[in-house]
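Quick notes on the structure that follows.
Quick note: residue numbers are just sequence positions, from 1.
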Amino acid sequence: MVDTTINSLTSSEPGKFIVEGNGGIVAAGESIDSWTVRPVTGLPAGTHSSVITAVYGNGEIATANLVLTVNPPSSSGGGENPGNSGNNGSAGGSQGSGTPSPNPSQPDPGGVPVMINGKSENIGKLETKVVDHRKITTITPDPDKLIEWLEREGKNAVVTIPVDVSSDSIVGLLTANVVKRMADQSAVLELVTPMASYRIHADQFPIVAIADQLGADASLSEVTIEIMMSKALSSETSLAQSVLNRKGVSLLVEPVHFTLMAEFNGAKIELNRFTRYVERVIPIPETVDPNQITTGIVVGLDGSTHHVPTYVQKKDNRYYAVVNSLTNSMYTLVWHPVKFADVTDHWAQHAINDMGSRMIVTGMGQNLFEPNRDITRAEFVAMVVRALGLMPANGEISFVDVNKSDWFADDIQTAHDYQLIEGYSGSRFAPMDTITREQAMTIIAKAMNITGINPDLSPERVNRLLDGYKDAASISSYARDHIAAGLDLDIINGRTTNTIQPKSKITRAEVATLLQKLLRKSDLIQ
């Protein structure tokens, strides 16, 4: 027999709706077969919504999605109009109202809000279930209504799926034809939850390739795209804590998984690499000093960690960490202050310590940075890969003089995969050669392509930018456009006011400054 005892009953907007059953108001511990929700009296004019969640004694979860529109009193003295109240709930989960589906311009009594360009309509369906003792909440916008709404809003719309409930996992579920329509219209998709927010440009979903891989090229409406955020398991949090403690890094926030999946007929593929940065906004707990957030990091299930560009912002008297990355994984925020002993009063002191605190540059032992030392090509590429927050590659090496066992092998292959480097003829990279200023500036300009800020300069503009330097003629032809692009955005500077010194070696201090400028100009850090 099904245990109909309610163990817990919660509302995302307490005080606006009353749950009744067996002739009276339901409380935890009561045994009931069904329950009904009605609005409280005296609600102010406006639209009120809430999600009521009941957990039964056998672990089964039921939800009711409530929307109530209260009209202001009419001039003839009429009282409040309760409008559309919510639906009933039962042990089988949330139930619809049975009324025809309205146009997006009309509230849906059985729906939950979805937003486009800040306008809210109740065209979503919310469901909650428990799997392996973890609560999973899924919101599914009505695809036909969402496409209709997108057509009305036009290009560059922002589609927001808000989920104001607490769960171990929160999922936004869309069909591939909707996502393709969003991509065609240059729309942005947001999933906003108490756990975190996730913002991605719809054109980052390679829908055609996904459908082809799943064998569903003619059935986009049957392919589902799942955007999911999940709290880390306790074992994963313990692993992250242990790894970071060994590195002298403090874990400040419980890790969160971000996942994108596509599914068709039971087959699934994970989407985990993007061509532009995907933004995540993580609330900073009130118990954490926002000034102690030095960076966000990715924690791999193998215990690996790497930096991702992060900054802190304040909104509505609450602090958030804005984290940008080109992949998905498990993310957290850390405290890792660094002050190198040998950069005090150095002209690049702030940039060096900032990049060190973000785990982009490292010291040379005994808390020393050696700011004026030259840097090898391998060291430089590793720093650029870390600065951009790129997930290290783990495959075949493209260069004959880089061994898989070399500490820099994965970084060099990652840089090659992202077209940051090409190497020399004969598939050589010369990792231990010191890097020249023009070589470094070329890689920085290619990194600007990844962050989306590389300017499209005319040949005339390139000449004007370089003509101010008396040694411009000594710049290699391959590097001219790249150096000009960096000069144009004030990321690259001459070594003196009138010289580039392209063939000179670049120092570790200059590299730290270049990387800080790159990330700041790209709005990835502040």
Might you point out which heavy atoms bring [X] and [Y] nearest each other, and give the distance in Å?
| X | Y | value |
| --- | --- | --- |
| His346 | Ile352 | ND1-CD1, 4.5 Å |
| Tyr277 | Pro309 | CE2-CG, 4.4 Å |
| Pro371 | Asp342 | CD-OD2, 3.6 Å |
| Ile207 | Ala176 | CG2-O, 3.9 Å |
| Gln516 | His350 | NE2-ND1, 3.3 Å |
| Gln413 | Ala393 | CG-CB, 4.1 Å |

Full working for side-chain contact (heavy atoms from CB on, under 4.5 Å) between Thr332 and Leu252:
CA-CA 8 Å; Thr332 188; Leu252 299 182; over 6 Å; no
Are the side chain of [X] and the backbone N or O of [Y] linked by a donor-acceptor pair below 3.5 Å?
| X | Y | answer |
| --- | --- | --- |
| Glu153 | Leu150 | no |
| Ser242 | Ser238 | no |
| Glu236 | Leu233 | yes |
| Lys521 | Ile491 | no |
| Ser325 | Thr327 | yes |
| Asp471 | Thr499 | no |

Under 6.0 Å between ring centres: does that hold for Phe429 and Tyr424?
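No, they do not, as the ring centres are separated by 6.0 Å or more.
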Is the number of heavy atoms from other residues, nucleotides or ligands within 6.0 Å of [atom1] ([X]) greater than 12?
| X | atom1 | answer |
| --- | --- | --- |
| Asp490 | CG | yes |
| Glu270 | CD | yes |
| Gln313 | CD | yes |
| Glu396 | CD | no |
| Tyr311 | OH | yes |

Using distance alone, with no hydrogens and no angle criterion, decide if [X] and [Y] have a side-chain donor and acceptor under 3.5 Å apart.
| X | Y | value |
| --- | --- | --- |
| Ser474 | Lys503 | no |
| Asn245 | Gln241 | yes |
| Thr137 | Ser167 | yes |
| Lys446 | Asn454 | no |
| Arg386 | His306 | no |
| Glu127 | Thr138 | no |
| Lys155 | Ser186 | no |
| Tyr320 | Ser197 | no |
| Thr496 | Asn498 | yes |
| Asn324 | Arg280 | no |

side-chain hydrogen bond (donor to acceptor under 3.5 Å, both in side chains) between Asn463 and Arg480, worked out
CA-CA 9 Å; Asn463 290 335; Arg480 285 181 59 84; 3.0 Å; yes
Any Lys/Arg nitrogen of Arg495 or Glu510 sitting under 4.0 Å from an Asp/Glu carboxylate oxygen of the other?
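Looking at Glu510 together with Arg495, the answer is yes, because their closest N to O distance falls below 4.0 Å.
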Check this for me, if you would: do Lys404 and Asp410 make a salt bridge, where the nitrogen-to-carboxylate-oxygen distance has to be below 4.0 angstrom?
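So Lys404 pairs with Asp410 through a salt bridge.
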Please verify the inter-ring angle class for Phe258 with Tyr198; under 30° counts as parallel, over 60° as perpendicular, anything in between as tilted.
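Plane angle under 30°, so parallel.
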Decide yes or no on side-chain hydrogen bond (donor to acceptor under 3.5 Å, both in side chains) for Thr305 and Lys247, but give the supporting numbers first.
CA-CA 10 Å; Thr305 62; Lys247 296 181 177 182; 2.6 Å; yes
Is any side-chain heavy atom of [X] less than 4.5 Å from a side-chain heavy atom of [Y]?
| X | Y | answer |
| --- | --- | --- |
| Met359 | His336 | yes |
| Leu487 | Leu466 | yes |
| Lys180 | Val208 | yes |
| Leu146 | Ile116 | yes |
| Arg373 | Glu379 | yes |
| Thr237 | Leu251 | yes |
| Thr275 | Asp203 | no |
| Val381 | Leu420 | no |

Stepwise, does the side-chain contact (heavy atoms from CB on, under 4.5 Å) test hold for Leu326 with Ile450?
CA-CA 9 Å; Leu326 292 164; Ile450 294 176; 3.5 Å; yes
Candidate pair Leu214 and Ile269, rule side-chain contact (heavy atoms from CB on, under 4.5 Å), full reasoning
CA-CA 8 Å; Leu214 291 171; Ile269 57 173; 4.1 Å; yes
Show the numbers, then the answer: is there a side-chain contact (heavy atoms from CB on, under 4.5 Å) between Ser230 and Met228?
CA-CA 7 Å; Ser230 301; Met228 181 167 64; 3.6 Å; yes
Does the Lys NZ or Arg CZ of Arg508 fall within the cation-pi geometry relative to Phe380 - under 6.0 Å from the ring centre and within 45° of the axis?
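So Arg508 doesn't make the cation-pi contact.
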